Each structure stands twice: as structure tokens, then as C-alpha cells.
Amino acid sequence: MSSGPGAAVLLSPVTGPPRPVDPREPMVRLEDQALTRGDGIFETLHVLDGTAYKFDAHHARLAASARTADLPAPPQDVCRAALALGLDAAGPGSHDPSRDLGAEHSVKLSVSRGVPGGEPWAWLTVSPVPPQTFEARQDGVSVLLLERGHDPAEDSGMPWLLPGVKTLSYAVNMAAVRHARANGAQDVVFTTSTDRRILEGATSSVVCARTSPGQPPTLVTPEPSRGILPGTSQARIFDAARRHGWGVDYGPLHPRDLLEADAVWLTSSVRLAVPVTRVDGHPVCSDPALTRTLTDFLLGRAGS
Ligand code: PLP
């Protein structure tokens with residue numbers, strides 16, 4: 001169960017100034033288009049010991065989402081001010097019992113188109129990282145491969161389909177996770193229907209590793225510009241891996257590649273690098289030492 005946000009900050013108008021609000025108080029009008037149509041965009045950030053270490057990457061993606069969705073994005077300084085206010089008002093954060101990385105918060109920044117005829121507005125919530133997240137990091141997750149019905153690479157010339165935009169409309173992603181859970185798995189990896197190419201998780205990117213003795217590992221992920229959400233975690237892991245002399249490669253990946261990989265992860269901002277333990281019931285190799293290194297890459301703790 002989620003413990004709910006410990007703090008909330010309102011940006012109305014979107015350009016600020018940010019105003020702390022009580023997260024338990026109602027804040028949304030019933031005709032708001034975020035509520036009635038999922039018409040808005042968001043970012044989820046991981047905060048460690050008070051620092052949103054991927055802030056710039058999240059702000060850049062929020063700005064790109066806003067451009068495509070024809071919404072305003074709160075400027076960087078306003079987002080930073082809202083984040084500081086939210087963290088001031090939030091509780092002390094939570095600690096991962098399996099590897100104490102520091103005090104962790106999950107921050108969600110959302111922009112709504114607002115009520116019809118009204119102005120867009122934004123809000124930020126700060127929550128402790130829930131225990132299920134820590135369990136997933138430690139125990140990994142089993143995934144079901146689910147077809148997404150069409151190839152999102154085909155959407156790239158069609159801005160009205162909002163390719164690569166982190167919209168508030170996650171009903172399909174959540175339905176896919178429910179379907180996976182009803183069928184004995186814990187999470188989802190989407191594939192294309194035509195050539196069964198691996199795309200992404202419901203709320204994560206897919207990364208796999210190939211290792212050979214005496215050689216640095218090679219990390220592989222599906223090409224992030226082909227209609228899937230470009231993951232800030234995957235990008236940061238790949239940047240660090242490149243600096244450490246590892247190989248990095250961009251798909252295409254197929255189900256067989258996951259089954260034959262030396263390790264597979266779902267990467268995302270708050271869950272970090274979650275090992276995949278099974279794909280459609282088939283066991284997948286995992287490598288706890290590599291998982292720790294990927295986590296260090298993400299948190300900027302691996303030196304260079
Ligand atoms: N893909 C999807 C569909 C997502 O929802 C997310 C995160 O929520 C990601 C990938 C991973 O993105 P990030 O690493 O920036 O959190």
C-alpha cells in the first residue's frame with residue numbers, strides 16, 4: 001500500500017511562484033482535463049539525501065513532452081523552487097533495508113491542461129519510497145511479454161499520437177500490469193505484434209547485459225527514439241557504462257535475447273535497476289554484482 005504524499009506544492013499558473021499546499025486537501029476541479037481525459041504530462045524523480053540527481057534530464061524530457069503536447073512546462077528555476085519547498089515539508093524519507101543508499105523520496109511533477117477554457121496548472125508531490133520498491137530491487141520481478149498491438153516506431157511522424165511523451169494517460173499501462181498479475185507475473189514487457197521486438201516495460205525501460213570472461217560487459221536496450229519513452233535511467237546508466245569502457249548497444253531485441261542474456265533489468269527512476277527473474281515463466285540469468293554496479297552508475301557513485 002502507498003503511504004501517500006508527505007508534501008505537495010501547487011504551481012498555478014505553471015510559471016509559479018510555487019505554493020506549499022496540504023496534500024490531504026482536495027485540489028482538483030471535477031471538470032479538470034487531467035481528471036476527465038488524462039490530458040497532461042508528468043515526470044517522476046528519485047531524490048536521494050535531498051538531491052534530485054537527474055533533475056536536468058527530467059526537466060529536459062518534461063519540456064519535450066510539453067512541446068509535443070502543446071502545454072507549458074514550468075521553468076527550471078520554478079521546478080527547483082517547488083522541489084525545495086516540497087522536500088522541506090516532506091518527512092525524512094525511507095531507507096532501503098537491503099542496501100542503504102540514503103534517505104529516499106519519490107517526487108512526481110504533473111502538468112494538467114486545466115478546466116475547459118481555463119489555464120494549465122501544475123503540482124508536485126513528495127512521497128517516501130514504498131517498501132514494495134525495495135523488495136523489487138532485492139528480489140527482482142517476473143515479467144509477461146505482452147503485445148502492444150502496433151509498432152510505436154510508426155507514430156514518430158504523427159505528433160497527435162504524442163510519441164515519446166510522458167502523458168498522464170497510463171490506464172493502458174496499468175491494465176497491462178493487472179493482466180500480468182492475474183497471470184502469475186509481476187510486471188510487463190511490451191513487444192510489437194508484427195516482429196515481437198522488445199519495446200519497454202509498463203513504467204520502465206528494458207536493459208540487458210552480455211558478458212564474456214575477461215571482457216567488460218555490453219549493455220543493450222531497444223532504440224529509445226523509436227516511439228518508446230526515452231528513459232532517463234537507461235541513458236544515465238549507458239553514459240556511465242561508456243565512461244567505464246563497457247560496450248553499449250541499441251536493439252533490436254527479441255524475446256530470445258532476454259532469455260539468452262546474462263542479466264536483464266527494468267530500469268526506472270525510483271525503482272532503479274530491478275532484475276528480471278523470469279520471462280513468460282522461463283528463468284532468466286541474474287547477476288547481483290552487475291545490479292549493484294548499474295545502481296552505482298545511476299546514482300553517480302561508480303567513479304569514472
Ligand atoms: N518507459 C515508461 C513507459 C515509463 O513510464 C518509464 C518511467 O516511468 C520509463 C520508461 C523509465 O523512465 P525513467 O528512467 O526516466 O524513469
Side-chain angles (χ1 to χ4, degrees), residues 2 38 40-48 52-66 68-69 79 104-111 125 127 129-130 132-133 136-137 141 143-153 155 161-177 179-180 187-192 197-208 219 221-241 248 250-251 253 264-274 276 291 294-295 297-300:
S2 161
I41 55 175
F42 77 104
E43 282 294 320
T44 303
L45 295 82
H46 184 229
V47 170
L48 190 59
Y53 49 91
K54 282 199 275 108
F55 179 89
D56 288 352
H58 284 288
H59 191 270
R61 190 171 62 188
L62 182 74
S65 291
T68 308
C79 290
E104 300 188 49
H105 288 97
S106 170
V107 172
K108 194 162 169 179
L109 174 61
S110 310
V111 181
T125 54
S127 313
V129 172
Q132 305 90 290
T133 295
R137 288 180 193 164
V141 291
V143 301
L144 210 58
L145 297 175
L146 293 180
E147 293 175 26
R148 187 126 90 179
H150 86 291
D151 186 344
D155 299 352
L161 294 180
L162 303 178
V165 172
K166 198 163 166 62
T167 75
L168 288 171
S169 320
Y170 263 55
V172 167
N173 305 47
M174 296 302 102
V177 172
H179 183 84
D187 214 320
V188 170
V189 167
F190 287 119
T191 71
T192 56
R197 227 174 54 246
I198 301 294
L199 295 169
E200 61 188 341
T203 60
S204 57
S205 311
V206 177
V207 172
C208 65
L219 299 179
T221 194
E223 173 54 57
S225 64
R226 301 196 69 202
I228 59 175
L229 191 78
T232 61
S233 312
Q234 171 272 316
R236 189 164 160 108
I237 290 168
F238 274 42
D239 282 349
V248 294
Y250 297 92
L253 289 171
V264 181
W265 299 271
L266 299 182
T267 66
S268 56
S269 292
V270 177
R271 289 200 299 172
L272 307 178
V274 169
V276 172
T291 301
L294 258 62
T295 306
F297 282 171
L298 254 175
L299 304 179

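First listed ligand is number 1; within each ligand, the first listed atom is number 1. Nothing here was measured: the structure is a model prediction, and the numbers come from that model.
- When the side-chain hydrogen bond (donor to acceptor under 3.5 Å, both in side chains) test is applied to T191, the partners found at least two apart in sequence or on another chain are R196.
- Partners of H105 according to the ring-ring contact (aromatic ring centres under 6.0 Å, His included) rule, which considers only residues two or more places apart in sequence or in another chain, do not exist here.
- For the pair E43 and K54, the salt-bridge criterion is not met [side-chain N within less than 4.0 Å of a carboxylate O].
- One distance of note links CG of L266 with OG of S233; it measures 11.0 Å at 0.5 Å rounding.
- Taking N173 as the reference, nothing meets the side-chain hydrogen bond (donor to acceptor under 3.5 Å, both in side chains) condition, with sequence neighbours excluded.
- Contact residues of ligand 1 (protein heavy atom closer than 4.0 angstrom to a ligand atom; sorted by chain and number): R61, K166, Y170, E200, G201, A202, T203, S204, S205, L229, G231, T232, S233, T267, S268, S269.
- With rounding to the nearest 0.5 Å, the separation of NE2 in H150 from CG in L161 is 6.5 Å.
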